[in-house]
Amino acid sequence: MRRMSDQPARWTEATVYPDMWADPDEDPRNNENSPDGELATLQDFLANYRLTLRMKCEGLDAEQLARRSVPPSTMSLLGLLRHLAEVERDWRNWITDGEPVPKLYGPKDADFHGAVAEQAVVDAAYADLEREQAATDAALAEHPDPGARVGKEGIAIRELLVHRIEEYARHCGQADLLRECVDGRVGQ
C-alpha cells in the first residue's frame, strides 16, 4: 500500500486551462461543426466519450493500466477497457431476437479480475474493444430511425444510444480518477 507521500503530483499538458487534458486547439474531441440531426448528435457524443477513454489510457504501460484504484475495488483502466468491450457485446443482445452472444471474459466481474499487468492482455483488451464497438455500431446502423424498436424487449434505438453514452460517460469519470492515481495527470 502506498503512503500519501508516495502519491504523484497533479499535472496536465494543457496550458490554456489547468483543469483540461489538452489545450482546446490540440484536443481531438473539439469539433467545429455541430452534427445535424438526432442520430448524428448521439453518435458524435458517443465517439467523443470513446476517444476520451482512450486518451485517459494513452502513454501508460501494462502495469499502470492494470493498477487497481483502492482496495477492495477491482477497478483499473485496463479493467474499464475490458468491461466496455463486454458491455458493447452485451448491447447487441438487446438488438437481436436471437440467442445472446456469449460473454468475452467469463462470469460476473471477470472483465476486471482478468485485467492483469501483461502486455498481451492490454493488446487483447484494445483489440476486443475495437472489434466489439464496430460490431455494435454495425448492428445499430441497420436501424437508422432512432425511434425504431428492436429485439425481444422492443427497446428503442434512441434508448440504446443514450445508454451507451451514459455508460461511457460514467466510466470516463472513473478513468479521470484512476489516471490521476496512476501518474497525477488531470483533466476533462
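Keep in mind that the numbers below use all heavy atoms, side chains included, and drop hydrogens, waters and symmetry copies.
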Atom [atom1] in [X], atom [atom2] in [Y]: separation rounded to 0.5 Å?
X: Leu60; Y: Leu78; atom1: CG; atom2: CG; result: 10.5 Å
X: Leu129; Y: Leu53; atom1: CG; atom2: CG; result: 7.0 Å
X: Arg68; Y: Ser76; atom1: CZ; atom2: OG; result: 6.0 Å
X: Arg164; Y: Leu140; atom1: CZ; atom2: CG; result: 5.0 Å
X: Leu46; Y: Leu51; atom1: CG; atom2: CG; result: 11.0 Å

Practice prompt. Of all the heavy-atom pairs spanning Pro144 and Pro146, show the shortest one and how long it is.
Written response: O-CD, 3.3 Å
Pairing residues for [X] by the side chain to side chain contact (heavy atoms under 4.5 Å, CB included) criterion, not counting sequence neighbours:
X: Asp90; value: Asn93, Trp94
X: Asp123; value: Gln119
X: Ala117; value: Glu63, Ala66
X: Ser73; value: Ser69, Met75

Item to complete: Please collect all side chain to side chain donor-acceptor pair (under 3.5 Å) contacts where either partner lies in residues 40-54, sequence neighbours excluded, each pair once.
Response: Arg29-Thr52, Arg50-Glu88, Arg50-Asp137
Practice prompt. May I ask you to list the residues sharing a hydrophobic cluster with Tyr105, side-chain cutoff 4.5 Å, ordered by chain and number?
Written response: Leu104
Worksheet item: Hey, what else clusters with Val101 if you join Ile, Leu, Val, Met, Phe, Trp, Tyr whenever side-chain heavy atoms sit under 4.5 Å?
Response: none
Practice prompt. Assess whether atom CG of Asp97 is packed by more than 12 heavy atoms of other residues, nucleotides or ligands within 6.0 Å.
Written response: yes
Discussion item. Check this for me: Tyr126, atom OH, are more than 12 non-hydrogen atoms of other residues, nucleotides or ligands nearer than 6.0 Å?
Written reply: yes
Using a 3.5 Å cut-off and no angle test, enumerate the donor-acceptor pairs between side-chain atoms of residues 149-158 and protein atoms at least two apart in sequence or in another chain.
from, atom 1, to, atom 2, distance (Å)
Arg149, NH1, Gly154, O, 2.9
Lys152, NZ, Gly98, O, 3.2
Arg158, NE, Glu38, OE2, 2.4
Arg158, NH2, Glu38, OE1, 3.2

Counting C-beta onward and ignoring hydrogens, is there a side-chain heavy-atom pair between [X] and [Y] closer than 4.5 Å?
X: Lys103; Y: Glu86; answer: yes
X: Cys57; Y: Leu65; answer: yes
X: Lys56; Y: Leu178; answer: no
X: Asp176; Y: Val186; answer: no

Discussion item. Could you check whether any side-chain N or O of Gln64 sits under 3.5 Å from a backbone N or O of Asp61, counting only pairs where one atom can act as donor and the other as acceptor?
Written reply: yes
Worksheet entry | Side-chain (Arg89) to main-chain (Ala135) donor-acceptor, under 3.5 angstrom | no
Discussion item. Please enumerate all residues that pass salt bridge (Lys or Arg N to Asp or Glu O under 4.0 Å) together with Glu167, with sequence neighbours excluded.
Written reply: Arg170
Practice prompt. Among residues two or more places apart or on two chains, list those pairs meeting ring-ring contact (aromatic ring centres under 6.0 Å, His included) that have a residue in residues 149-185.
Written response: His83-His171, Trp91-His163
Worksheet item: Quick one: side-chain hydrogen bond (donor to acceptor under 3.5 Å, both in side chains) partners of Thr15, sequence neighbours excluded?
Response: Asp23
Worksheet item: Quick one: salt bridge (Lys or Arg N to Asp or Glu O under 4.0 Å) pairs with a partner in residues 72-83, sequence neighbours left out?
Response: none
Worksheet item: Distance only, no hydrogens: is a donor on one side chain within 3.5 Å (strictly under) of an acceptor on the other, for Thr136 and Arg92?
Response: yes
Item to complete: For side chain to side chain contact (heavy atoms under 4.5 Å, CB included), just list the numbers for His143 and Ile95, CA-CA rounded to whole Å, side-chain angles, deciding distance to a tenth of an Å, and then say yes or no.
Response: CA-CA 10 Å; His143 308 281; Ile95 299 167; 4.0 Å; yes
